[in-house]
Amino acid sequence: MLYGRNLRTWALASAALVALSMGLVFFYAPNDADQGFVQKIFYVHVPMAIVALLGFVAAGIMAIKHLRSGDRSWDLRSYVTIHLSVILGVGVLITGSIWARAAWGHWWVWDEPVLVSFLIVFLLYCVYYPLRFSIEDPDRQARYSSVFAIVAGAFVPLNFAAVRLAESFTHPRVLSQTGGSLPGEMRLTFIVSIVAMTALFVTLVKLELTSKNAAMQLKRLRRRLEARVPAEV
């Protein structure tokens with residue numbers, strides 16, 4: 001399985017896009033009139049949140065492909081995608097708390113639906129690890145993990161829609177029905193930041209898949225070698 005196909009191209013493209021997005025953030029996008037310079041964390045925080053949530057949904061789709069085909073490679077893809085989405089989730093919670101402290105004077109606001117709903121999704125996926133690694137049989141592990149990924153992945157868009165139908169908000173609406181209120185420079189920087197975060201996420205997924213695949217192949221070769229040595233002796 002060639003998980004690392006075009007990995008160098010993805011890595012170079014990701015580095016260029018991240019450099020471009022950071023250049024736009026610091027030298028092109030204007031400071032927010034109300035929050036000033038600290039609002040620029042928005043260009044990291046929001047793309048990370050969007051890519052993490054899309055990663056959870058994508059992992060659910062990969063899990064469906066695993067259950068339909070029986071191909072364990074789809075389970076590995078689903079696992080790696082969830083793993084990196086959870087890491088992005090940690091980044092979202094940290095940058096969100098920093099932004100909340102600077103903007104609202106509090107590290108966390110419990111009555112804000114967007115914050116609490118993302119925390120619930122994050123904690124839900126933290127359960128994935130003990131569930132997966134508490135099962136020793138590889139086939140059962142892959143099957144149960146895929147069922148979890150599908151159920152949790154379906155919960156993400158439902159939760160996102162329910163939160164946006166809530167009446168009271170403190171957290172700014174980025175993807176609103178009116179397209180938001182970002183001026184042209186901010187909108188362009190935001191779009192480039194999302195593309196850069198997506199490319200970086202895909203690169204990291206391919207890199208981890210390549211690493212895990214190489215480790216599994218090495219493990220299989222070592223077992224075969226250990227099985228042959230006693231017979232030859």
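Computed from heavy atoms alone, side chains included, the values below leave out hydrogens, waters and symmetry copies.
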Please evaluate residues Tyr128 and His83 with respect to the criterion side-chain hydrogen bond (donor to acceptor under 3.5 Å, both in side chains), reporting the C-alpha separation (whole Å), side-chain torsions for both, the decisive distance (0.1 Å), and the verdict. CA-CA 9 Å; Tyr128 177 83; His83 176 61; over 6 Å; no
Gln217 side chain near Arg220 side chain, heavy-atom distance below 4.5 Å: yes
State the CD1-CG distance between Ile150 and Leu67, to the nearest 0.5 angstrom. 4.5 Å
Quick one: does Tyr43's side chain get under 4.5 Å of Ile194's, heavy atoms only? no
Are the side chains of Phe118 and Leu93 in touch, meaning some heavy atoms are under 4.5 Å apart? yes
If you take the centroid of each ring, where Trp contributes its six-membered ring, are Phe155 and Phe56 closer together than 6.0 Å? no
Answer yes or no: is there a donor N or O on one side and an acceptor on the other, between the side chain of Lys40 and the main chain of Val25, under 3.5 Å? yes
Same hydrophobic cluster for Leu7 and Leu12, using side-chain heavy-atom links shorter than 4.5 Å among ILVMFWY? no
Can Met186 be reached from Phe26 by stepping across I, L, V, M, F, W or Y side chains whose heavy atoms are under 4.5 Å apart? yes
Roughly how far apart are Ser145 OG and Leu76 CG, rounded to 0.5 Å? 11.0 Å
Consider salt bridge (charged side-chain N to carboxylate O under 4.0 Å, His left out). Of Arg143, Arg132, Lys65, which one does Asp75 pass it with? Arg132
Under 4.5 Å between side-chain heavy atoms, counting indirect links through other Ile/Leu/Val/Met/Phe/Trp/Tyr residues: same cluster for Val156 and Val147 or not? no
Does any non-hydrogen side-chain atom of Phe201 lie less than 4.5 Å from one of Met197? no
Which heavy atom of Pro30 sits nearest a heavy atom of Glu185, and at what distance? CD-CB, 3.7 Å
Can you tell if the side chain of Trp74 reaches within under 4.5 Å of the side chain of Ser146, non-hydrogen atoms only? no
Sub-3.5 Å donor-acceptor pair from the side chain of Tyr125 to the main-chain atoms of Gly89, do we have one? no
How close do Val86 and Phe122 get, counting heavy atoms only, and between which atoms? O-CE1, 3.5 Å
Tell me whether Leu17 shares a hydrophobic cluster with Val51, the cluster being built from Ile, Leu, Val, Met, Phe, Trp, Tyr side chains joined at under 4.5 Å. no
For the side chain of Thr203 and the backbone of Trp10, is there at least one donor-acceptor N/O pair under 3.5 Å apart? yes
So, do Val44 and Met22 sit near enough that their side-chain heavy atoms are less than 4.5 Å apart? yes
Checking the side chain of Ser134 only, and the main-chain atoms of Pro130 only, is there a donor and an acceptor separated by less than 3.5 Å? yes
Taking Ser21 for the side chain and Ala196 for the main chain, is one N or O donor matched with an acceptor at less than 3.5 Å? no
same_hphob_cluster(Leu209, Leu204) at 4.5 Å side-chain heavy-atom cutoff: yes
Roughly how far apart are Ile41 CD1 and Met48 CE, rounded to 0.5 Å? 7.5 Å
Straight-line distance of Trp99 CH2 to Trp107 CH2, nearest 0.5 Å: 15.0 Å
Within the distance-only criterion (no hydrogens, no angle test), does the side chain of Asp137 pair as donor or acceptor with the backbone N or O of Arg140 below 3.5 angstrom? yes
Answer yes or no: is there a side-chain heavy-atom contact under 4.5 Å between Arg101 and His106? no
Is a side-chain donor or acceptor of Glu208 paired with a backbone partner of Val80 at a separation under 3.5 angstrom? no
Starting at CG of Leu84, measure out to OG1 of Thr81 and round the result to the nearest 0.5 Å. 7.0 Å
Phe133, CZ atom: more than 12 neighbouring heavy atoms under 6.0 Å: yes
How far does OG of Ser69 sit from CD1 of Ile64, to the nearest 0.5 angstrom? 11.5 Å
Assess the side chains of Ser73 and Arg77: does a donor N or O sit below 3.5 Å from an acceptor N or O? yes
Looking at every heavy atom in both Ile82 and Ala59, which two are closest together, and how far apart are they? CG1-CB, 3.3 Å
Is there a side-chain contact between Leu119 and Trp108, using heavy atoms and a 4.5 Å cut-off? yes
For His45 and Val92, indicate whether the former's side chain and the latter's backbone hold a donor-acceptor pair under 3.5 Å. yes
If you compare all heavy atoms of Met62 against all heavy atoms of Ser78, which two are closest, and at what distance to 0.1 Å? SD-N, 3.8 Å
